[in-house]
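Keep in mind that the numbers below use all heavy atoms, side chains included, and drop hydrogens, waters and symmetry copies. None of these values were measured; they are calculated from a predicted model.
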Amino acid sequence: MGETTIRNSRRKKNVATTLADWSTLHQDFINCFAHQVVSMKDFFAFGGVSKSWRSAIKENSNTALRLQHKVPVLILSKEINAPVRNIYSLTECQISQLDLPETKGKLCYSSLGWLLTVSQDYSTLDLFNPLTHAHIELPPPLPPKKFSLRNLKRFVLSSSPSFTSDYGVMLLSYHHLAFYKPGNNNGTWTLGPIPLPEPLALVDAVYYKGQFYVVDYRGKVFVCKIEDPNNAAQMRLVAPEIPEQLFGQDIHFIARYLVESATGTLLLVVTLYEDNCEVTTGCRVFEVPIDTSNSWAKSEVKNLGNTTLFVGANNSSFWIEPLDDSVCKANCIYFLNRSHVSTANDIDIGIYHMKDGKMDKHLEELPDFKYKGSSLTSHSWLQPSF
């Protein structure tokens, strides 16, 4: 925060008042303030002051631990040219405004606390951290005939650029993969392979145990070997198509999500709908039978224990372990199935309870979830991360 001048409109005379430059405050005071930060709204505001303030959060172990266990927030849809985004906090049950001019006129997808921002003309890609306002320029995208950003389905980071320069970026469209790693392939994107003879309709990706995995709309799971610049990219089937008979008659897939569990296994989350219903009515969870003789039927997971899964159309999926006093419900799946909201397309957000199969849709009743403008940005779950 640089020095700011405001003017008192109540006085006839033009009197200027100068606000303090909080970024130059002594570090001891900043560290003291950091210890008191509790709400996500304060985390965002604190991190936006200056680099020294952000460092105080990182270096304060108690504060960093609170951030680690923080329930993610939801970045809401807004007019695409709006410099201010609305953030909904599940724990505080309130909507806050966040000044993010870096997202103005751009679509946003999230992974590990970072946003991939895509310009309206699909000509530029950037990584942006909304807590720290750190910015990383990515190489120009591949030509649309090779990789269409208009059909972008998923953005996945192998690790957070906040902590290492050895990270990779995977982009997934319906029929293509693109990979970028700083220093690899002369600083350009690598186009991933698609098995022939049948082009796949890819729907999700995850970074799991040092490799990228993808799933198609039929539930086939593939491992992608695309990171080594010295070898040709390869894709190998590791789990077969998931049988529709497992779900019963008149039950259909809405979405399929790959996510690593708290115990280190790879899970496939399937959100379902029934005939004559266009929103999610249930969820099923399976441990992906990677290179094993186990069938999908024998791999179903009925209990997530003290963990919560967050899946969404515009974010890479993840799990958290809520604290005992958290309002976030354990053994549940928080889902957000629509990539955009429109007058003809509801947000389809809810909480599925694994214990009894109940569906909680109260989040859809919040006013800001009903916002439907003519030109909207995307929305997503966001993990708090510096």
Side-chain angles (χ1 to χ4, degrees), residues 68 72 108-116 118 125-129 136 138-139 147 152-174 176-185 189-194 200 202-216 219-229 231 233-239 255-269 285-291 307-321 333 380-386:
Q68 179 183 343
C108 297
Y109 305 82
S110 71
S111 180
L112 300 182
W114 284 75
L115 298 179
L116 173 77
V118 183
L125 298 168
D126 298 281
L127 295 180
F128 171 68
N129 189 313
I136 299 173
L138 295 177
F147 188 93
L152 184 62
K153 295 288 294 182
R154 185 68 73 231
F155 148 64
V156 181
L157 286 169
S158 63
S159 52
S160 173
S162 300
F163 307 110
T164 178
S165 59
D166 186 27
Y167 64 89
V169 181
M170 171 73 83
L171 302 182
L172 178 148
S173 73
Y174 285 113
H176 299 95
L177 302 171
F179 175 77
Y180 166 73
K181 187 173 185 177
N184 278 16
N185 200 26
W189 293 93
T190 299
L191 190 65
I194 295 297
L200 301 175
L202 303 174
V203 293
D204 197 20
V206 68
Y207 190 73
Y208 174 69
K209 293 188 175 180
Q211 297 184 96
F212 286 99
Y213 287 76
V214 298
V215 61
D216 74 353
K220 293 180 182 178
V221 180
F222 300 81
V223 62
C224 307
K225 296 184 177 181
I226 195 173
E227 296 185 79
D228 188 351
N231 293 302
Q234 298 177 4
M235 182 181 285
R236 180 174 63 87
L237 180 70
V238 295
R256 291 143 295 275
Y257 301 103
L258 291 173
V259 56
E260 182 175 358
S261 73
T263 58
T265 58
L266 183 60
L267 302 179
L268 176 68
V269 178
V285 181
F286 300 87
E287 183 176 326
V288 178
I290 299 178
D291 296 329
T307 60
T308 305
L309 301 182
F310 284 83
V311 299
N314 295 319
N315 59 271
S316 55
S317 302
F318 56 92
W319 64 270
I320 67 168
E321 188 173 0
I333 301 169
S380 65
W381 299 113
L382 178 70
Q383 297 169 271
S385 173
F386 279 97

Under the ring-ring contact (aromatic ring centres under 6.0 Å, His included) rule, collect the residues that match up with [X], sequence neighbours excluded.
X	value
Trp319	none
Tyr167	none
Tyr213	Tyr208
Phe179	Phe212

*Kindly give the heavy-atom pair with the smallest separation between Tyr180 and Pro139, and that separation in Å.*
CE1-CG, 3.3 Å
Checking [X] now: which residues fulfil side chain to side chain contact (heavy atoms under 4.5 Å, CB included) with it, not counting sequence neighbours?
X	value
Ser165	none
Val203	Val215, Tyr217, Arg256
Ala313	Ser339

*Side chains of Val169 and Phe155: does their closest heavy-atom pair fall under 4.5 Å?*
yes
State which residues pass salt bridge (charged side-chain N to carboxylate O under 4.0 Å, His left out) with [X]; sequence neighbours excluded, sorted by chain then number.
X	answer
Asp166	Lys181
Asp126	Lys106
Lys153	none

*Is a side-chain donor or acceptor of Ser110 paired with a backbone partner of Trp381 at a separation under 3.5 angstrom?*
yes
*Thr190 side, atom OG1; Asp228 side, atom CG - distance, nearest 0.5 Å*: 10.0 Å
*Separation between CG of Asn315 and CG of Leu116, rounded to the nearest 0.5 Å*: 12.5 Å
*For Ser317, what residues pass the side-chain hydrogen bond (donor to acceptor under 3.5 Å, both in side chains) criterion, not counting sequence neighbours?*
none
*asked:* Which residues pass the side-chain hydrogen bond (donor to acceptor under 3.5 Å, both in side chains) test with Asp204, not counting sequence neighbours?
replied: Arg154
*asked:* Please evaluate residues Leu171 and Leu152 with respect to the criterion side-chain contact (heavy atoms from CB on, under 4.5 Å), reporting the C-alpha separation (whole Å), side-chain torsions for both, the decisive distance (0.1 Å), and the verdict.
replied: CA-CA 7 Å; Leu171 302 182; Leu152 184 62; 3.9 Å; yes
